[in-house]
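Beneath this line is the structure, given in structure tokens, with notes to follow.
Only heavy atoms go into these numbers, but all of them, side chains included; no hydrogens, no water, no symmetry mates.
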Amino acid sequence: MQDPLFGAETPAIDDATPAQQVAQLRDVLHHHAHQYYVLDAPQIPDAEYDRLFKQLQALEEAHPDLRTPDSPTQRVLGQVLDGFTPVRHAVPMLSIRTETDTEASGAVNFDARVRRELALTELDAPVEYAAELKFDGLAINLRYENGALVQAATRGDGEIGEDVTQNIRNIRQIPLRLKGVNAPVLEVRGEVYMRRDDFEKLNEQQREQGDKTFVNPRNAAAGAVRQLDPGISAKRPLSFFAYGLGDVQGWDVPPTHSGLLDALQSFGLPVSDKRIVARGADGLIAYHQAIGAERDQLPFDIDGVVYKVNQRELQARLGFVSREPRWAVAHKYPAQEQATLIEGIDIQVGRTGKLTPVARLKPVFVGGVTVTNATLHNLFELRRKHVRVGDQVIVRRAGDVIPEVVGIIAAVRPQYVPNFRMPTQCPVCSSTVVREPGEMNHRCSGGLFCAAQRKQAILHFAQRRALDIEGLGEKLVDQLVEGHIVRTLPDLYKLGVAKLAQLERMADKSAQNIVDALEKSKQTTLPRFLFGLGIRHVGETTAKDLARHFGQLGHKDDETKAGIMNASLDQLLAVNDVGPVVAQSIRTFFDQPHNAEVVEQLRAAGVTWAEHEPSAAADAASLPLYGKTFVLTGTLPTLGREDAKALIEAAGGKVAGSVSKKTHYVIAGAEAGSKLEKAQSLGVPVLDEEALQALLRDGPAAPDNAAVDQPA
């Protein structure tokens with residue numbers, strides 16, 4: 001029959017003899033272990049793999065004669081990939097037993113086994129255990145000789161791994177030389193992993209570039225470690241935790257595992273601080289429950305905790321069984337990936353206007369909660385994953401990360417289902433939906449009008465660099481919008497003391513301060529007002545360029561003046577540093593009737609602005625930095641970034657965010673990054689803070705020869 005989960009012809013396991021069931025389960029588990037460990041392309045959720053693995057374990061325990069050395073339960077899986085040098089481990093990298101009973105009984109059972117093997121009675125003291133996290137990453141062996149890192153290897157099949165030294169050297173957490181130890185050989189074992197925030201940023205970058213995204217942080221970390229090009233690996237944000245030893249020569253290993261972890265930390269190796277020494281089953285249960293409650297707040301993924309008998313002397317007495325230590329166990333938590341059905345695809349409009357397709361799911365319990373919706377990110381990601389309504393999919397939820405569909409698990413659909421298409425109008429406000437050339441995301445163009453973007457629009461309008469409405473913060477905006485008191489920006493100027501004072505935690509004096517701040521904000525400048533409108537791609541610098549060029553905003557019904565509101569694409573393209581994307585964004589914004597209406601209502605509410613910025617006056621050319629474009633990078637000795645920017649702009653200059661051939665100077669401080677490299681490659685003069693001060697004082701003629709290759 002066709003198995004919808006595995007997409008292959010597999011006999012019905014339940015109808016077979018025990019020998020046939022064992023053989024079939026081994027084949028299925030070998031296949032999916034290869035997909036997971038070797039190809040980094042899992043086809044089923046972790047929970048389903050665990051279920052099949054546990055089924056095989058039960059069969060082998062019931063029929064010991066069917067247990068063979070090549071069973072997935074008897075060995076560590078994985079193999080060397082082509083392109084890496086094989087490394088034979090001096091001490092095999094063995095796996096530990098997994099306790100898939102996620103309840104307290106899992107810890108009780110382990111403690112009972114240990115006490116039984118040690119022949120302890122109820123009168124004997126509780127066993128002391130080292131309890132630590134079970135990281136969801138890639139196991140690595142670091143070989144230090146005389147304190148220096150000489151080799152890093154993956155686990156592989158436990159006997160032979162892959163030499164990934166060049167890639168591991170890119171992980172800054174891993175010291176190239178240990179502190180305070182010069183043993184001839186000291187092999188440190190641990191886990192390479194990727195933090196959740198780094199994983200989200202990496203996937204967002206992949207989506208923006210139209211590249212393949214990663215299923216989960218574990219696969220992203222494994223893929224980075226196994227990159228044949230170390231340059232690519234270096235761009236992937238990896239982290240590391242140490243948790244054990246391999247080969248040791250010339251160093252006295254501490255008598256306890258907890259002491260070993262303390263020693264590794266003292267050598268400069270990262271060791272998780274979420275570790276304790278527990279006594280007996282009660283201590284293990286308390287640890288498992290405490291970490292379970294904290295699991296979602298951890299910055300990285302775990303799928304369980306690990307218990308190890310703390311005394312190494314007792315570890316030696318307990319020994320191994322089937323290549324697994326009797327003295328250790330991994331106690332798992334409920335899986336963070338599960339399979340379910342997509343019942344529909346809806347559109348969610350975010351605070352910034354981004355339209356996100358969201359899968360409406362058949363409810364599924366994953367990561368400790370019942371999930372009914374999961375993000376599909378954007379149309380291109382949805383198409384790349386071949387997701388359609390009616391598909392069986394893998395859903396992942398880890399920590400505070402929004403649940404997402406990571407892929408389909410069956411290509412067979414019950415009937416033809418057409419591809420999902422993005423709407424042409426915003427489902428919230430009916431404004432035009434746009435997608436700029438090269439952009440992956442669709443966006444609503446009704447920023448000032450769209451209810452979904454209302455809070456963000458108000459906060460942006462009120463911020464210090466826009467109309468600077470002091471006291472109008474996030475909590476107050478939440479109350480105003482959720483109470484339907486403010487629906488559009490002009491409603492802000494209808495607020496009175498009496499209405500504000502009725503809000504939670506708002507005294508009469510505070511209400512009066514808000515009203516005074518609103519009144520004060522009515523007198524602003526054209527660049528501030530233009531920036532405050534929140535037009536996509538129009539930041540402070542572009543707003544100033546537009547104000548300098550046009551000198552006025554214009555009126556929606558007055559096309560006789562060359563104001564910004566009525567400027568054609570060609571007129572906008574004539575503005576310094578305004579390209580086709582920015583010009584089209586401005587035109588799209590003012591072409592929406594409700595956006596133009598909001599501007600006119602703000603005028604009617606009494607908001608006015610100086611039509612000309614000081615730098616656009618007749619004497620602008622006399623300013624020392626007039627017409628010069630700067631880029632700031634790194635940390636300057638005495639000036640903060642905003643301070644330096646203010647000084648440059650006051651002197652008539654412009655501060656840009658990226659280096660190009662049009663950049664006149666790059667001001668570089670300590671820890672300057674890629675902008676410095678770009679400037680050097682383009683031959684753009686690089687100045688330090690002292691040279692900048694000279695420019696501000698004397699103009700560009702004096703310090704043109706003061707360019708430096710590299711700031712101190």
Flag for D516-Q512: side-chain donor and acceptor within less than 3.5 Å: yes

Stepwise side chain to side chain donor-acceptor pair (under 3.5 Å) test for H537 and E436: CA-CA 11 Å; H537 299 304; E436 296 166 359; 2.6 Å; yes

Euclidean distance, Q571 CD relative to I586 CD1, rounded to 0.5 Å: 12.0 Å

Check ion pair R195-E200 (N to O, under 4.0 angstrom): no

Note, T608 side chain near R603 side chain (heavy atom, < 4.5 Å): no

Polar contact flag, side-chain donor to acceptor under 3.5 angstrom, T588-Q584: yes

Donor-acceptor pair, side chain of K678 and main chain of V659, under 3.5 angstrom: yes

Side chain to side chain donor-acceptor pair (under 3.5 Å) between R384 and T213, worked out: CA-CA 9 Å; R384 188 187 67 75; T213 54; 2.7 Å; yes

Check: I535 and S585 side chains under 4.5 Å, non-hydrogen atoms: yes

Any side-chain heavy-atom pair of I394 and T340 under 4.5 Å: no

Greater than 12 external heavy atoms within 6.0 Å of K362's NZ: no

From CA spacing to verdict: side chain to side chain contact (heavy atoms under 4.5 Å, CB included), L572, L546: CA-CA 8 Å; L572 290 167; L546 289 165; 4.1 Å; yes

No-hydrogen, no-angle side-chain donor-acceptor test under 3.5 Å, N216 and E337: yes

K544/E649 ion pair, N-O < 4.0 Å: yes

Distance-minimising heavy-atom pair for P427 and L355: CD-CD2, 4.4 Å

Flag, side chain of R587 to backbone of M565, donor-acceptor distance under 3.5 Å: yes

Side-chain donor-acceptor pair present, H594, S431, cut-off under 3.5 Å: yes

Q479 side-chain N/O to E504 backbone N/O, donor-acceptor pair under 3.5 Å: yes

Chi angles and distances behind the side chain to side chain contact (heavy atoms under 4.5 Å, CB included) call for L692, D688: CA-CA 6 Å; L692 171 62; D688 59 14; over 6 Å; no

Closest approach of P363 to T370 (non-hydrogen atoms, all atoms of both residues): CB-CG2, 3.9 Å

Test item: side-chain donor near acceptor, N441 and R435, under 3.5 Å: no

Identified side chain to side chain contact (heavy atoms under 4.5 Å, CB included) counterpart of L500 within the set D508, L495, I485: L495

Flag side-chain contact, heavy atom, 4.5 Å: L632 against I648: yes

K354 side chain to V349 backbone, donor-acceptor under 3.5 Å: no

Residue E470 excluded, over 12 heavy atoms near CD under 6.0 Å: no

Non-hydrogen side-chain atoms of Q552 and I564 separated by less than 4.5 Å: no

Close side-chain approach of R443 and T352, heavy atoms under 4.5 Å: yes

Matching residue for K455 among E474, H460, E482 - test: side chain to side chain donor-acceptor pair (under 3.5 Å): E482

Exam field: side chain N513 to backbone G471, donor-acceptor pair closer than 3.5 Å: no

Main-chain N/O of R383 paired with N419 side-chain donor or acceptor, under 3.5 Å: no

Geometric class of the H442/F380 ring pair [parallel <30°, tilted 30-60°, perpendicular >60°]: parallel

Nearest heavy-atom neighbours spanning V395 and V366: O-CG2, 4.0 Å

Close side-chain approach of F300 to R196, heavy-atom, < 4.5 Å: no

Pair E540 + R465: basic N to acidic O under 4.0 Å: yes

Side chain to side chain contact (heavy atoms under 4.5 Å, CB included) evaluation trace for Y193 with L238: CA-CA 6 Å; Y193 68 97; L238 298 176; over 6 Å; no

Distance in Å, F214 CZ paired with L202 CG, rounded so as to fall on 0.5 Å steps: 5.0 Å

Between T432 and Q425: side-chain donor-acceptor atoms closer than 3.5 Å: no

Nearest non-hydrogen partners of A457 and L489, listed with the distance: O-CD2, 4.0 Å

Residues Y665 and T629: side-chain donor-acceptor under 3.5 angstrom: no

Distance in Å, L687 CG paired with H664 NE2, rounded so as to fall on 0.5 Å steps: 12.5 Å

Heavy-atom check, side chain of F420 versus side chain of I347, under 4.5 Å: yes

T524 side-chain N/O to S521 backbone N/O, donor-acceptor pair under 3.5 Å: no

Ring geometry between F461 and F529 (parallel below 30°, tilted from 30 to 60°, perpendicular above 60°): perpendicular

Over 12 non-hydrogen atoms of neighbours within 6.0 angstrom of CD in E690: no

Test item: D391 side-chain N/O and I408 main-chain N/O as donor-acceptor pair under 3.5 Å: no

Atom pair CD1 (I458) and CG (D491), whose distance is rounded to the nearest 0.5 Å: 8.0 Å

Atom pair CZ (R388) and NE2 (H386), whose distance is rounded to the nearest 0.5 Å: 9.5 Å

Least distance between heavy atoms, L379 atom then P357 atom: N-CG, 4.3 Å

Pair E439 + R536: basic N to acidic O under 4.0 Å: yes

Side chain T633, main chain A672, donor-acceptor under 3.5 Å: no

Any donor-acceptor pair under 3.5 Å from R528 side chain to A466 backbone: yes

Test log, rule side chain to side chain contact (heavy atoms under 4.5 Å, CB included), inputs S658 and K675: CA-CA 7 Å; S658 59; K675 293 177 183 178; 5.7 Å; no

Point-to-point distance, once rounded to the nearest 0.5 Å, from CG of L480 to CG of L492: 7.5 Å

Contact summary for A668 and V686, nearest pair of heavy atoms: CB-CG1, 3.8 Å

